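I have placed the structure first, in the form of structure tokens, so that the comments after it can refer back to it.
These numbers were taken from a predicted model, which means no experiment stands behind them.
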Amino acid sequence: MAATASLTVVGVAQAAGSSHQPEIVQFTNQNVVLAGELFKPNGDGPFPAILYNHGSAPGMLSSQASGSIGPLFAQKGWVFFMPYRRGQGLSTKAGPYIGDEIAQARARGGTREGATTMVRLLSTVHLQDQFAALNWLTSQKFVQKDRIAVAGNSFGGIETVLGASQGHYCAAVDASGGAESWRSAPELQILMKTAVRASKAPVFFFQAENDFDLSPSRALFAEMKSVAKEAELKIYPPYGTSSREGHSFAYAGSATWFDDVFSFVQRHCTP
């Protein structure tokens, strides 16, 4: 694992509300305090687990994804953990918001500089935040350490393929990774293609037909097949009427895709 994240468990608190509310977990990447949302099945475990990488939405908007997907995995006997990377959600105070950093770079040097900044951040400090979360998850007694899969949407899909190329995951699910940025960011194409060629886990790629751009899933699937890596690709029917709604299918359409995703991770994460 290439990241240099260190591990300190700061604490776990039960969120108020129904059983569908997550536990709030804190952990650290070196001296940076981060937090995430945790859904657990009933019982003591140990259970298989999903580490879910959220997208680029500001504030707490990514909690929509964990709230939609987390209970589905918990009901199937899987732990679902969505850590917030620095600058977003429960980790807002841990650093600047990546969307602001990209916007500032774009204002300075146009689309090219914005894309370069995005690639740099996602492949360095944000990837290290993911691995700090993985370290925390691996240290929990209720988690089966050899049965941890990774998944994510949009920017989180990018993080997922980067994580699968360096981390110890049994399976990976990339939902719409790079769909908004692919055409304008050649550096991103190179980064993701290089990552999937080196993937240590099988990858399931999926998008809705009316997402911004289907090229990333198709290109990355082909890249993996070209080096005899195990991968699957599924393009679902349009979701909603706009590209933005199609992009949200990665979490809002979980009623449609969950059985396919669960079958994939269960198949590849069962000894």
*asked:* Before you tell me yes or no, could you show the steps for L90 and I24 under side chain to side chain contact (heavy atoms under 4.5 Å, CB included), namely the whole-Å CA-CA distance, both residues' side-chain angles and the distance that decides it to 0.1 Å?
replied: CA-CA 9 Å; L90 297 172; I24 305 305; 3.9 Å; yes
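- Ion pair E187/R112 flagged as a salt bridge, since at least one NZ, NE, NH1 or NH2 atom sits closer than 4.0 Å to an Asp/Glu carboxylate oxygen.
- Without hydrogens or angle criteria, K234 side chain to Q207 main chain gives no donor-acceptor distance under 3.5 Å.
- With sequence neighbours left out, D146 forms a side chain to side chain contact (heavy atoms under 4.5 Å, CB included) with Q144.
- Side chains of P202 and K229 form no contact here, defined as non-hydrogen atoms less than 4.5 Å apart.
- When side chains are defined from C-beta on, R183 counts as touching S215, because their heavy atoms get closer than 4.5 Å.
- In this structure, the ring of Y52 has its center less than 6.0 angstrom from the ring center of F80.
- Contact detail for S62 and M82: the closest heavy-atom pair is O-CE, 3.5 Å.
- Results of the ring pair (Phe, Tyr, Trp, His ring centres under 6.0 Å) test with W257 over F206, Y236, Y251 single out F206 as the only residue that passes.
- Here the shortest heavy-atom pairing between S199 and V203 reads OG-CG2, 3.8 Å.
- Shown here are the salt bridge (charged side-chain N to carboxylate O under 4.0 Å, His left out) partners of E245, two or more places apart in sequence or in another chain: there are none.
- Using a 4.5 Å heavy-atom cutoff, the side chains of F27 and L134 are not in contact.
- When only modelled atom types and interatomic distance are considered, S176 and D211 share a side-chain donor-acceptor pair under 3.5 Å.
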*Decide yes or no on side chain to side chain contact (heavy atoms under 4.5 Å, CB included) for T160 and Q130, but give the supporting numbers first.*
CA-CA 9 Å; T160 292; Q130 176 191 163; 6.0 Å; no
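- No side-chain heavy atom of E230 sits less than 4.5 Å from a side-chain heavy atom of M224.
- Between N53 and R85, the closest side-chain pair of non-hydrogen atoms falls below 4.5 Å.
- Side chain of N29 to main chain of V32: no donor-acceptor pair is present (N/O by atom type, distance under 3.5 Å, no hydrogens or angles).
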_Stepwise side-chain hydrogen bond (donor to acceptor under 3.5 Å, both in side chains) test for W78 and Q266_ = CA-CA 10 Å; W78 282 61; Q266 182 80 344; 3.1 Å; yes
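- The heavy-atom pair separating L162 from S165 by the smallest distance is O-OG, 2.7 Å.
- Of the possible donor and acceptor atoms, none in the side chain of S217 sits under 3.5 Å from a partner among the backbone N and O of F205.
- The backbone N or O of D260 sits nowhere less than 3.5 Å from a side-chain atom of S263 that would complete a donor-acceptor pair.
- Cation-pi geometry between K76 and F262 is satisfied (NZ or CZ under 6.0 Å from the ring centre, within 45° of the ring normal).
- At a threshold of 4.5 Å between non-hydrogen side-chain atoms, the residues F81 and P22 do not count as touching.
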*Determine, step by step, whether L122 and F155 satisfy the side chain to side chain contact (heavy atoms under 4.5 Å, CB included) criterion, reporting the C-alpha distance in whole Å, the side-chain angles of both residues, the deciding distance to 0.1 Å, and the verdict.*
CA-CA 8 Å; L122 289 175; F155 270 22; 4.0 Å; yes
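- Take R244 and apply the side chain to side chain contact (heavy atoms under 4.5 Å, CB included) test, not counting sequence neighbours, and it matches E180, F212, S242, H247.
- V161 approaches A195 most closely through the heavy-atom pair O-CB, 3.7 Å.
- Across L127 and G163, no two heavy atoms sit closer than the pair CD1-N, 4.0 Å.
- The two residues S91 and L34 have their closest heavy-atom pair at OG-CA, 3.4 Å.
- The closest side-chain heavy-atom distance from P216 to F221 is not below 4.5 Å.
- The closest donor-acceptor contact from the side chain of Q88 to the backbone of G55 lies under 3.5 Å.
- Judged by distance alone, the side chain of S63 and the main-chain N or O of M60 form a donor-acceptor pair under 3.5 Å.
- In this view, Y84 and H54 satisfy the ring pair (Phe, Tyr, Trp, His ring centres under 6.0 Å) rule, not counting sequence neighbours.
- At least one donor-acceptor pair closer than 3.5 Å links the side chain of R147 to the backbone N or O of C269.
- Remark: A208 engages N210, Y239, F249 in a side chain to side chain contact (heavy atoms under 4.5 Å, CB included) (not counting sequence neighbours).
- Under the side chain to side chain contact (heavy atoms under 4.5 Å, CB included) criterion, V125 pairs with R86, L121, Q128, sequence neighbours left out.
- Between the side chain of Q140 and the backbone N or O of W136 there is at least one donor-acceptor pair closer than 3.5 Å.
- Atom CG of L137 sits about 7.5 Å away from atom CG of L38, to the nearest 0.5 Å.
- At a threshold of 4.5 Å between non-hydrogen side-chain atoms, the residues L72 and S254 count as touching.
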